[in-house]
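No hydrogens, no waters, no symmetry mates; every other heavy atom, side chains included, goes into these values.
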Amino acid sequence: MQNLIQQLHGNLPSFPLTEIAVKAVVALAIGMLVGIEREWSQKDIGVRTFALTALLGMLGSLVSMPLTLAAAAAVLVVIAFLNFGRAQAGGKLEATTSIALMLVFVMGVLVGNGHLFTPVACAILVTMLLSLKPQLRAFAGDLQPQEIRSALLLGLFGFVIWPLLPNRFIDPWSLIDPRQAWVIVIVVACLGFVNYVLLRVYGSNGVYTTALLGGLVNSTATIAELGGRLPAAGLEEKVAPALLLTSAAVYARNLVILAIFAHAAAARAWFPMVVMMAVSVLWTIKPLREARKEESARETTPKGAPLPNLGSPVSIEMVLKFAALFLLIQIAATLAHRHLGNSGLQVVSALGGLVSSASTSAAAADLAFHGKATAMQAALAVVIASIASAAFNLLVLRRQDKACKAFPSLVLTTAIQAGAGVAALILEAHVNAHVFRFF
């Protein structure tokens with residue numbers, strides 16, 4: 001019996017059982033993940049075909065390159081017959097499904113070669129793109145030339161302009177490093193553009209979704225738009241929850257900006273920022289529950305309360321304005337910290353938060369990144385800038401006559417947010433001091 005097995009096996013080395021089992025399971029999981037989405041979309045090729053294609057790619061890569069190429073040719077033949085049959089019947093070509101099948105085959109080959117992260121990550125991304133077809137189609141159908149230019153400008157700013165900038169301080173006071181400053185401008189612009197895309201795709205789901213996503217893009221413009229349009233549409237009761245959700249979005253965005261450039265400062269700022277976000281969200285739980293009970297027709301697109309007209313956050317004018325504002329706040333914060341210490345930095349942060357909390361957060365993160373300010377000082381600066389931004393939004397709302405009914409309660413809530421954030425920051429500093437003293 002042993003001789004028979006050896007003759008059947010030939011001179012090929014045996015495959016490790018555990019390794020092959022893991023690869024087979026991963027390949028089948030990848031194929032089934034994409035195939036289930038195609039099955040839900042009622043396509044001719046479903047779960048079994050995609051799973052078998054991934055397994056075919058995995059086995060082909062294990063045996064030999066010629067077999068892998070032959071298997072790839074077989075997959076192309078299947079795709080050709082699929083599209084030929086639909087063309088003969090007068091239907092649309094299955095271009096998306098065909099490309100997805102080819103990608104699954106390549107993922108199977110990668111799994112067979114020992115790669116796990118790349119094929120699994122790609123399978124998740126492919127499935128996500130396939131499942132987001134309605135949202136992407138709606139977004140693309142309503143795409144404006146300005147938004148296309150915005151995406152091109154991001155590429156221009158990141159891949160053309162950035163390498164041309166000097167990678168050093170260009171002034172004798174070591175205040176302006178063009179390349180480093182431009183990196184921060186690009187990152188914040190990318191965050192703004194991503195948030196703008198989310199607003200365009202999901203903003204029509206309701207007033208509160210619009211307020212939350214609009215706050216990620218431009219909180220002041222969002223408050224100004226909703227504060228005027230909601231009362232005009234007979235939705236005065238939604239003004240206060242909308243502003244609170246916008247404030248929560250501002251806190252989250254500023255914390256993300258800080259985390260990108262200064263991890264240590266973000267570790268100090270996350271607790272007070274989350275506390276302030278929690279206060280904002282807690283005040284909106286009841287209105288959110290009531291909103292779920294309303295008829296979907298009223299909540300989806302209430303008359304007189306369309307999406308805020310924020311415009312794309314990526315344009316030459318907007319980027320240059322943000323860059324100038326960022327540099328101004330950065331220079332002022334640096335000089336204030338040099339000559340007046342931490343108190344000077346916090347005063348500049350409070351004033352900067354009234355103008356742009358995103359720029360102020362980026363400036364504080366840059367100071368912490370270069371060691372010009374401690375992590376705690378940068379964290380405090382971002383908290384103060386965020387509180388100042390929330391206070392300024394109250395002033396913006398105060399100018400809307402029809403929205404003034406919600407103003408007293410919002411002042412109280414904003415004061416509670418600020419007090420809770422400062423208390424959380426003091427508590428965290430006290431706890432950290434005791435921990436360091438203990439060790």
Worked verdict on Thr49 versus Arg38 for side-chain hydrogen bond (donor to acceptor under 3.5 Å, both in side chains):
CA-CA 10 Å; Thr49 304; Arg38 293 289 83 188; over 6 Å; no
Side chain of Thr284, backbone of Val281: donor and acceptor closer than 3.5 Å?
yes
Main chain of Asp177, side chain of Gln180: is a donor-acceptor contact present, judged purely on distance under 3.5 Å?
no
Determine whether more than 12 heavy atoms belonging to other residues, nucleotides or ligands lie under 6.0 Å from atom CZ of Arg179.
yes
Without swapping roles, check the side chain of Ser356 against the backbone of Gly352 for a donor-acceptor pair under 3.5 Å.
no
Student check: side-chain heavy atoms of Leu191 and Arg253 closer than 4.5 Å
no
Other residues, nucleotides, ligands: >12 heavy atoms within 6.0 Å of Met277 CE:
yes
Counting N and O atoms only, with roles assigned by atom type, does the side chain of Thr118 sit under 3.5 Å from a partner on the main chain of His115, one being a donor and the other an acceptor?
no
Using distance alone, with no hydrogens and no angle criterion, decide if Ser98 and Asn83 have a side-chain donor and acceptor under 3.5 Å apart.
yes
Short N-O contact, Glu39 and Lys43, less than 4.0 angstrom:
no
Between Val126 and Glu37, does the side chain to side chain contact (heavy atoms under 4.5 Å, CB included) criterion hold? Intermediate values first, please.
CA-CA 10 Å; Val126 168; Glu37 194 286 328; over 6 Å; no
Tell me, with the steps shown, if Met58 and Met107 meet side chain to side chain contact (heavy atoms under 4.5 Å, CB included).
CA-CA 8 Å; Met58 188 270 291; Met107 294 173 201; over 6 Å; no
Chi angles and distances behind the side-chain hydrogen bond (donor to acceptor under 3.5 Å, both in side chains) call for Ser247, Gln417
CA-CA 10 Å; Ser247 298; Gln417 289 177 25; 4.8 Å; no
For residues Phe157 and Trp162, establish whether the separation of their ring centroids is below 6.0 Å.
no
